[in-house]
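Sequence positions, counted from 1, serve as the residue numbers for this chain. Just so it is clear, the values below take in all heavy atoms, side chains as well, and ignore hydrogens, waters and symmetry mates.
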Amino acid sequence: MYLETILILSKSGKDVRSVDVSEYMGFSKPSVSRAIGLLKSGGYVTMDKGGHLELTEEGRAVAENIYEKHTLLAQFLMTLGVDEATATEDACKMEHVISDTSFKALKKHAGME
């Protein structure tokens with residue numbers, strides 16, 4: 001979720017800092033700081049001296065994959081008649097557990113491949 005959040009926030013064109021991630025996600029600053037530290041050590045995120053976050057190439061690939069899943073799953077649920085708030089919330093949960101195989105099948109079925 002952190003990588004996806006950094007991606008979403010970076011699309012606004014502004015620099016992204018841990019505090020922005022904290023506010024967007026509604027998580028405490030210490031929790032976000034710990035998660036960002038893990039993402040940095042994993043090679044998914046870099047942070048400059050000013051505290052600005054940037055996704056690495058690998059981090060961006062993971063974030064875009066998750067974001068695509070989230071977007072398609074939410075759209076798919078809404079076409080089935082689920083209200084937007086519920087569809088978005090459920091998509092957020094589903095995006096992390098759905099296999100690539102099942103996602104590709106849903107994408108093909110939805111004509112979004």
Can you check whether [Y]'s main-chain N or O pairs, donor with acceptor, with [X]'s side chain at less than 3.5 Å?
X    : Y   : value
T71  : Y67 : yes
S41  : L38 : yes
S12  : L9  : yes
S102 : I98 : no
D20  : R17 : yes
T56  : G43 : yes

Side-chain contact, heavy-atom cut-off 4.5 Å: [X] with [Y]?
X    : Y   : answer
L77  : D90 : yes
T46  : L53 : no
K107 : L72 : yes
I8   : Y24 : yes
S18  : K29 : no
E95  : E4  : yes
H52  : M47 : no

Problem - Y44 atom OH: more than 12 heavy-atom contacts under 6.0 Å - result: no

Handout entry: Within 6.0 Å of CD in E64, more than 12 heavy atoms from elsewhere
Key = yes

Report yes or no: do [X] and [Y] belong to one cluster of Ile/Leu/Val/Met/Phe/Trp/Tyr joined by side chain heavy-atom distances under 4.5 Å?
X   : Y   : result
M94 : M1  : no
I66 : I36 : yes
L80 : L73 : yes
V62 : M25 : yes

Handout entry: Ion pair check, R60 and E54, cut-off under 4.0 Å
Key = no

Handout entry: Residues K69, D100: salt bridge by 4.0 Å N-O rule
Key = yes

Practice task
Test side-chain contact (heavy atoms from CB on, under 4.5 Å) on L3 and L39 and set out the steps.
Solution key: CA-CA 8 Å; L3 294 174; L39 292 171; 4.0 Å; yes

Exercise for the section: Grab the two heavy atoms, one from Y2 and one from S31, that are nearest each other, plus how far apart they are. Expected result: OH-O, 4.0 Å

Handout entry: For A74 against A91, the heavy-atom pair lying closest together
Key = N-CB, 3.6 Å

Completion exercise
Distance col, row M78:CE vs D83:CG, nearest 0.5 angstrom, shows 9.5 Å

